[in-house]
Amino acid sequence: MTIRTATAAIALALAAAPAFAGEVRIMWYSDGVEGEVIQDLLSRFEAENPEIDVILDNVAYQVIQEQLPIQLASGQGPDIARVTNLKEQAQHWLDLRPYLSDPAYWETNFGDRLDWMREEGSDAIPGFLTQLTLTGGFANATLFEQAGVAIPGEGATWDDWIEASRQVMDSQQLPAAFAVDRSGHRISGPAVSYGANYIGEDGNPAPIDDGTMAFAGKLVDWTSQGLMLPEVWVSAAGTTYRAAADDFINAQIPFYYSGSWQVANLSTKIGDAFDWVAVGTPCGDAGCSGLAGGAALVAIKYTQNPEEVAKVMEYLASEPVVREFSERTLFLPAHAGVVAAGGLQFQSEDPNVQPALEKFVQASTETLPASDALPAWRWANAYYGALVTRISQVMAGELTLEEARPLMDQDIADQVAAAQQQ
Amino acid sequence: MTSLGHWAGVLVTAPLVLLARAVDPLLRAWQRWTGIGGMAAFFLLPNLLIFGVFVLIPIVLNLAYSMTGGTEILLAQRPYVGGEQYARLLECQDYSRPLTCREDQFWTAARNTGLFVLFQVSLMVAVSLVTALILNREIKGRGFFRAVFFFPVLLSPVVVGLIWRWILQREGLLNLLVVNLGLEPQVWLNDRVTAFAAAVGVSTWAHMGFYTLILLAGLQAIPRDLYEAAEMDGTPPARVFRRITLPLLGPNLAVVLVLALIRGVQIFDEAYVLTGGGPGTSTLFLTQYIYEVGFASLLRNPGLAAAASMLMAGVLVVLTLVQLRLSRSSAGGQR
């Protein structure tokens, strides 16, 4: 608590500092090396635009999640922020259109996903995705090879993957066969692959359906059989996020379901310790769908310097900068022009990286409509929170899955009711 | 050297002396005008101001939040809902079965906190008393052991949680020991009983030094001649403990008990880092519930969190009143 409080206080103090003319303050968090890359890119911008002073505040992701909303609610905060909670805070984003030299460029290249960060019915341009993410799996190829088990191929189901991973676990005497990050977002693509649909016809949350229950039931069964690493889901309460990346990096599990943002992390930390491959999302009855998402750089409407903010945003959203940022950070670009031009040369000597990113690009074509609708859906977080909280309780033996089902519906209804209470 | 020390002292104290001389007439005038009560108020004012800004105003704000709904953070933007949040928290068919309550996680957290307080406070008082009794004896390295037992109190709760997490996790030090003894390693933090026991044990380890110190002070205040008289009478040690030590240590024990109770109800940092509230909700305590609902959840509910914290504050107020009463009676007893 002490470290978190201190970090938050410093970030709060920094962000609450009065903006001076020509000063643009960016609140930024990093998963990998993107903090260094963006600093380098901004240094070049400042050299070309000496009248604008860009200050990059590198903060923990938790500050973005917990402190930034409080600053925004009080009409303060940085001038630009890198965020993942795009839709729910949309009322705080600045519509850049009046300040942009070419708004059409933004519509053309980022238009597909601008709705993710807009208020309902708005056509504002608040920012752009710095990276497009897609959930998907990773396999430890070396462990599979040592176990003499073939890595499941295209079209393999979740059952196929868990069975193959179980064989590797038994052969290599590993603590578990696989792990999925403790996150409602992470299990939603697979749930959709089993026919789940979270969104009702009126746009409000639909009751928990059989598709969701089917995948949740599998996760619970696999946990009770000792196949899913219990430390990730069982060992926490509430909506606490826990990634299992370290368990995969330490070769404790042969199969790990997370997402494309882990590529740089895995490459950096695994090095040449073992070979790993990205495998997309295993299939269910309805398809093989991951779930898209992303982090966006958004302008904050409480800025005192909107012209300077727009100038910085235009520079960072420009095609060559987006291309360089993606190549150096190993992130999938969300810029239509960069994607269409192709030929991205991801800057990594790790032979696992390029095929992994290509796999994610290919998997992005296999997502189902029910999954594609979630990033721009207002109540997605309400759904994710309820899933994580209650499925964890089932895994811990506190509830049965059937008892959990109405509780999840009630949790979601409570969240919606609270949010609509204005 | 003396001259140097003298002048250094003068240099340091001179500004204070000058300040005291400057304000002295003003203070005398104030005392003549307001009497002794006015002087007391004058010296209490700075502390009261700080207390008001950092304690009283937040409590009033929290009370106001607890009567509002919605997900907005600013109080002015939140709709007034009266006692709706309290009604939601207290709506229950059977309080002994949290799942029958509307906010089942709140009641699970309340039950866990109650159990935690019961076990942790009992253990804390017992271990602190035994440690204080041992450290009160003429043993070799007494000063060293006193420092050793007090050292964990100086650690940040986050550090305490992390240290013990590294010890208790699957690949932790405890399992290394277990394997070396030829036994099966366990995932200690994944089992409901061992995880709860770990939360109780770690919290006791982290704070017992403080309570030991209080009891040690109490033990050293017991007149030696009482023990000498008992020794001359040939009184057995158990009887000495029951008839002399325990009664005379009573006031200190009461203070330790109430302070440990208050601290136990507030358990958060080390348990949150150690277990994250799991497995399931078996170590979810009230403060973590409030933190989750108010701050960490993807869709926050500040009103509900504020109402829960007001209910918890009510329990703490009762415990504090008990402590004050015990302190007063102990002070009265000593007079």
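Every chain is numbered from 1 and lettered A, B, ... according to where its sequence line falls, protein lines coming before strand lines.
Residues Q105(B) and Q393(A) meet the side-chain proximity criterion, which asks for heavy atoms closer than 4.5 Å. Proximity of Y291(B) to E66(A): side-chain heavy atoms (C-beta onward) are separated by under 4.5 Å at one or more points. The shortest distance between side-chain heavy atoms of S297(B) and Q415(A) falls below 4.5 Å.
Closest heavy-atom contact between A73(A) and L74(B): O-CD1, 2.8 Å.
Of the two parts of E103(B), only the side chain, counted from C-beta on, holds a non-hydrogen atom closer than 4.5 Å to a non-hydrogen atom of chain A. Only the side chain of E171(B) comes within less than 4.5 Å of a heavy atom of chain A; its backbone N, CA, C and O stay farther away. Interface residue E231(A): backbone and side-chain heavy atoms are both found under 4.5 Å from chain B. For D191(B), no part lies near chain A; criterion is any non-hydrogen pair under 4.5 Å. For L229(A), the part sitting under 4.5 Å from any heavy atom of chain B is the side chain, from C-beta outward, and nothing else. Only the side chain of N301(B) comes within less than 4.5 Å of a heavy atom in chain A; its backbone stays farther off. For chain A, no part of V293(B) is nearby; none of its heavy atoms comes within less than 4.5 Å.
No more than 12 heavy atoms of other residues, nucleotides or ligands shown are found within 6.0 angstrom of CZ on R263(B). Atom OH of Y302(A) is surrounded by more than 12 heavy atoms from other residues, nucleotides or ligands within 6.0 Å. In F119(B), the CZ atom is not crowded: 12 or fewer heavy atoms of neighbouring residues, nucleotides or ligands sit closer than 6.0 Å. More than 12 heavy atoms of other residues, nucleotides or ligands shown are found within 6.0 angstrom of OH on Y241(A).
Between the E398(A) side chain and the T281(B) main chain, a donor and an acceptor come within less than 3.5 Å of each other.
The most heavy-atom pairs under 4.5 Å with chain B, out of T389(A), T240(A), D414(A), D411(A), come from D414(A). By number of non-hydrogen pairs under 4.5 angstrom with chain B, the leading residue of T239(A), L72(A), L407(A) is T239(A). Ranked by heavy-atom pairs shorter than 4.5 Å toward chain A, the options G276(B), G277(B), G280(B) are led by G280(B). Note: A236(A) leads G397(A), A396(A), S392(A), A236(A) in heavy-atom pairs under 4.5 Å with chain B.
With rounding to the nearest 0.5 Å, the separation of CD in E72(B) from CD in Q91(A) is 6.0 Å. Atoms CZ and OG, on R165(B) and S235(A) in that order, are 7.0 Å from each other to the nearest 0.5 Å.
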Derivation of the salt bridge (charged side-chain N to carboxylate O under 4.0 Å, His left out) call for D247(A) and R170(B): CA-CA 11 Å; D247(A) 298 293; R170(B) 189 191 289 269; over 6 Å; no

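Residues of residues 174-185 of chain A lying under 4.5 angstrom from chain B, judged on non-hydrogen atoms, are P175(A) in numerical order.
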